[in-house]
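Start at 1 and go down the list; that is how both ligands and their atoms are numbered.
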Amino acid sequence: MKVLVPVKRVVDYNVKVRVKSDQTGVDIANVKMSMNPFDEIAVEEATRLKEKGVATEVVAVSCGVTQCQETLRTAMAIGADRAALVQTDAELQPLAVAKLLKAVTEKEQAQLVILGKQAIDDDANQTGQMLAALLGWPQATFASKIEIEGDSAKVTREVDGGLETISVKLPAIITTDLRLNEPRYVTLPNIMKAKKKQLDTFTPEDLGVDVTPRIKTLKVSEPPARKAGITVPDVATLVDKLKNEAKVI
Ligand code: AMP
């Protein structure tokens, strides 16, 4: 079973993002970029499936600028066997990414695609679902446990009320939640090995996909600054303030 893992290059989760002064987006000049954390979990899970002998090959794929190669090298240092970059400088929205991933999935004849549940930059939570729809495959989103049983995947999902376990027929789309696993620490020898692994590059045109954006961003703004808190002298004052000022009790 070949597993495809889409990985997105995003602003590192430790960076405090700053909105551009013209409010057209977030400033990413000279900012540390990393693999989307949920995608790291996806690469780890695919690597574990390979180590268990369930997956035969793990292919990482990224869509975006040339520097996404670094993200793909990280995926290969975790355990992906090889990688593909769909290289474009164009702004990519989830539908365009899903169309590109459909083309790569078909080209690779993958039986399982494990994506992150969402990218921490656009918080869209759309690509996996759109890919499932485009391919006509079943989907299991927000996975916290994955077991491959014959031609099905048994997936435990994190839902509001607790955990839900479902079974989907392969080929399928799975998206990862935070508690699925803890990605391994990438070691120096594996970083060196990853440099020698195969990385192919395509363009959206090679795949016959039109990536023209469908959604126009009107404005991006900073969240309102939080007001400073106050110290109250005793519990009685706290209760009084909660009751009469904040009106929350
Ligand atoms: P989103 O729908 O943007 O929140 O992204 C959900 C998931 O889709 C991510 O966690 C990635 O696995 C995948 N994805 C989104 N954008 C890209 C991209 N440009 N390249 C590769 N994978 C992507």
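No salt bridge links Glu91 with Lys216; every basic N to acidic carboxylate O contact stays at or beyond 4.0 Å.
Under the rule for a salt bridge (Lys or Arg N to Asp or Glu O under 4.0 Å), Glu70 has no partner lying at least two apart in sequence or in another chain. Every residue was checked against the salt bridge (Lys or Arg N to Asp or Glu O under 4.0 Å) condition with Arg73, not counting sequence neighbours, and none meets it. By the salt bridge (Lys or Arg N to Asp or Glu O under 4.0 Å) test, Asp122 is found to be paired with Lys8, residues two or more places apart in sequence or in another chain being considered.
With Asp81 as the partner, the salt bridge (charged side-chain N to carboxylate O under 4.0 Å, His left out) test is satisfied by one option alone out of Lys193, Lys197, Lys196, Lys50: Lys50.
Residues with a heavy atom under 4.0 Å from ligand 1: Pro6, Val7, Lys8, Asn36, Asp39, Val61, Ser62, Cys63, Val97, Leu115, Gly116, Gln118, Ala119, Asp122, Ala124, Asn125, Gln126, Thr127.
With Thr47 contributing its side chain and Val43 its backbone, the two residues share a donor-acceptor pair below 3.5 Å.
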